[in-house]
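Residues: numbered from 1 along the sequence shown.
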Amino acid sequence: MIYISHLLPDEEMKGLVTETGTGVESIDFSISDNLDHLGRTIERYQKKLEEMGNPPLTLHGPFLDLNPAAFDSLIREVTMKRFTQCYQAGLELGAKKIVYHSGMIPCVYYREGWADQVSRFFTEFLEDKDDLEIVMENVLDEDWRLLLDVYKQVDHPKFKLCLDMGHAHCYSEIPVMEWAEELSPYISHVHVHDNAGDRDSHLGLGKGTLPYHEVLKLLPVSKERTWTIECSHKEDVLLCLQKIKTEGLL
């Protein structure tokens, strides 16, 4: 299943989803102001989904000012609360998956002990949650090994990894091909976009330097794997969908 990130205006999203038959990855529940008025936000987004024909849904979880790797008990507490609010929204809206960031900030956290701390957070978070699949996304992460360490320590049937190929390409010195190859068995969701390796520009495939053909071949279609086109402009979304179709990438 292919989703489109709701980074575009509502009318553009409605047209794209209706024309292409894709799902939607909502970003509404990643915003703290929306979580402060959760019931109202859920009602509002339900109407948006109805206008789009009730497509399959994935949520992108909150991340600004939050961190599952936090050692400070109060920061950890509010991170848990915000993550739980998003999970509740996912249940009420019938989402299939929720994407949460790993929280790695290089040059702030030591590698030693980081995976242990994040694993403890997600293990606690998942204690009473068996309905929705949770996928942990790389953002500033420099090394895929730390994400794999978290995955293995959490060891929960609803906990998987999300590979953001654009993030790996611009924030890590390890080639994105290695990320895809080594993590492929554990990846159930992929964020698809391109960049030139210098910044997270969310371009259409082929507009940057990411070897997307090779990466996507390492992440073939499977029963549980899904993909989100995560581009900032309509033309880039259409470009990605066109290349995926004409070049037989998925």
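Note: the hydrophobic cluster containing Met177 also contains Leu249 (ILVMFWY, side chain heavy atoms under 4.5 Å, direct or indirect links). The cluster map of Ile, Leu, Val, Met, Phe, Trp and Tyr, joined by side-chain heavy atoms under 4.5 Å apart, puts Val99 and Leu163 in different clusters. When hydrophobic clusters are built by joining Ile, Leu, Val, Met, Phe, Trp and Tyr residues whose side-chain heavy atoms come closer than 4.5 Å, directly or via intermediates, Ile187 is grouped together with Met104. Cluster annotation: Leu146 is connected to Tyr186 through the hydrophobic network of ILVMFWY side chains, with a link wherever side-chain heavy atoms come within less than 4.5 Å. The cluster map of Ile, Leu, Val, Met, Phe, Trp and Tyr, joined by side-chain heavy atoms under 4.5 Å apart, puts Val135 and Trp179 in different clusters.
Side chains of Thr209 and His169: a donor on one and an acceptor on the other come within 3.5 Å. Using a 3.5 Å distance cut-off with no hydrogens or angles, the side chains of Asn67 and Tyr109 do pair a donor with an acceptor. Side-chain atoms of His189 and Thr228 include a donor-acceptor pair closer than 3.5 Å.
Looking only at side-chain heavy atoms (C-beta outward), Val118 and Ser102 stay at 4.5 Å or farther from each other. Between Ile134 and Phe125, some side-chain heavy-atom pair lies under the 4.5 Å cut-off. Arg225 is listed as a side-chain neighbour of Pro220, based on a closest heavy-atom distance under 4.5 Å. A heavy-atom distance below 4.5 Å is not found between the side chains of Gln242 and Leu205. Met13 places a side-chain heavy atom less than 4.5 Å from the side chain of Ile4. Using a 4.5 Å cut-off on side-chain heavy atoms (C-beta onward), Leu148 and Leu183 make contact. With a 4.5 Å cut-off on side-chain heavy atoms, Val221 and Trp227 count as touching. Using a 4.5 Å cut-off on side-chain heavy atoms (C-beta onward), Gln85 and Gln88 make no contact.
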Quiz item: Given Phe71 and Gln117, is the side chain to side chain contact (heavy atoms under 4.5 Å, CB included) satisfied, shown in steps?
Solution: CA-CA 8 Å; Phe71 285 85; Gln117 188 72 358; 3.7 Å; yes

Practice problem: Kindly indicate, with the supporting measurements, whether the criterion side chain to side chain contact (heavy atoms under 4.5 Å, CB included) is fulfilled by Asp164 and Val139. | Solution: CA-CA 7 Å; Asp164 188 300; Val139 185; over 6 Å; no

Practice problem: Walk me through it: do Ser26 and Leu57 pass the test side chain to side chain contact (heavy atoms under 4.5 Å, CB included)? | Solution: CA-CA 7 Å; Ser26 171; Leu57 177 67; 4.0 Å; yes

Self-check item: Intermediate values then yes/no, side chain to side chain contact (heavy atoms under 4.5 Å, CB included), Asp65 and Arg82
Solution: CA-CA 11 Å; Asp65 303 321; Arg82 292 305 200 191; over 6 Å; no

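Of all heavy-atom pairs between Leu35 and Cys86, the closest is CD2-N, 4.4 Å. Of all non-hydrogen atoms in Val192 and Met165, the two that sit nearest each other are CA-SD, 3.7 Å. In terms of heavy-atom proximity, Val24 sits nearest to Pro55 at CG2-CG, 3.7 Å. Residues Trp114 and Ala69 come closest through the heavy atom pair NE1-CB, 3.4 Å. Heavy-atom minimum distance, His60 versus His191: CD2-CE1, 4.1 Å. Across all their heavy atoms, Ser201 and Asp194 have their closest contact at OG-O, 3.9 Å.
Between the side chain of Ser172 and the backbone N or O of Glu142, at least one donor-acceptor pair lies under 3.5 Å. The closest donor-acceptor contact from the side chain of Ser188 to the backbone of Thr226 lies at 3.5 Å or more, if one exists at all. Remark: side-chain polar atoms of Gln46 are not paired, donor with acceptor, to backbone N or O of Leu93 under 3.5 angstrom. Between the side chain of His101 and the main chain of Gly103, no donor-acceptor pair closer than 3.5 Å is present. Although no hydrogens or angles enter the test, the distance criterion places no donor-acceptor pair under 3.5 Å between the side chain of His6 and the main chain of Ile27. Side chain of Asn34 to backbone of Phe29: no donor-acceptor contact under 3.5 angstrom is found.
Checking Leu241, Leu16, Leu7, Asp236 one by one against Ile229, the side chain to side chain contact (heavy atoms under 4.5 Å, CB included) holds for a single residue, Leu241.
With values rounded to the nearest 0.5 angstrom, Leu219 atom CG is found 5.0 Å from Ser184 atom OG. Note that CZ of Arg145 and CG of Leu147 are 12.0 Å apart. Values are rounded to the nearest 0.5 Å. Rounding to the nearest 0.5 Å places CD of Gln153 at 10.5 Å from CZ of Phe159. Here Ile42 contributes atom CD1 and Leu49 contributes atom CG; the two are 11.5 Å apart, rounded to the nearest 0.5 Å. The SG atom of Cys170 sits 8.0 Å away from the CG atom of Asp198 when rounded to the nearest 0.5 Å. Going from atom CH2 of Trp144 over to atom CD of Glu181 covers 9.5 Å, rounded to the nearest 0.5 Å.
For the salt bridge (charged side-chain N to carboxylate O under 4.0 Å, His left out) test, no residue two or more places apart in sequence or in another chain qualifies with Glu137.
Both tests hold for Lys129 against Tyr87: distance to the six-membered ring centre under 6.0 Å, angle to the ring axis within 45°.
More than 12 heavy atoms of other residues, nucleotides or ligands sit less than 6.0 Å from atom CG of Asp72. Around the NE2 atom of His233, the shell of radius 6.0 Å holds no more than 12 heavy atoms that belong to other residues, nucleotides or ligands.
Ring pair Tyr100/Phe122 is tilted by interplanar angle, where 30° to 60° counts as tilted.
Pairs of residues two or more places apart, or lying in two chains, that qualify as salt bridge (Lys or Arg N to Asp or Glu O under 4.0 Å) and include a residue from residues 86-113 are Lys97-Glu133, Arg111-Asp143.
With respect to the salt-bridge test (charged N to carboxylate O, under 4.0 angstrom), the residues Glu235 and Lys207 do not qualify. Under 4.0 Å is where a charged nitrogen must lie from a carboxylate oxygen, and between Lys48 and Asp28 at least one such pair does.
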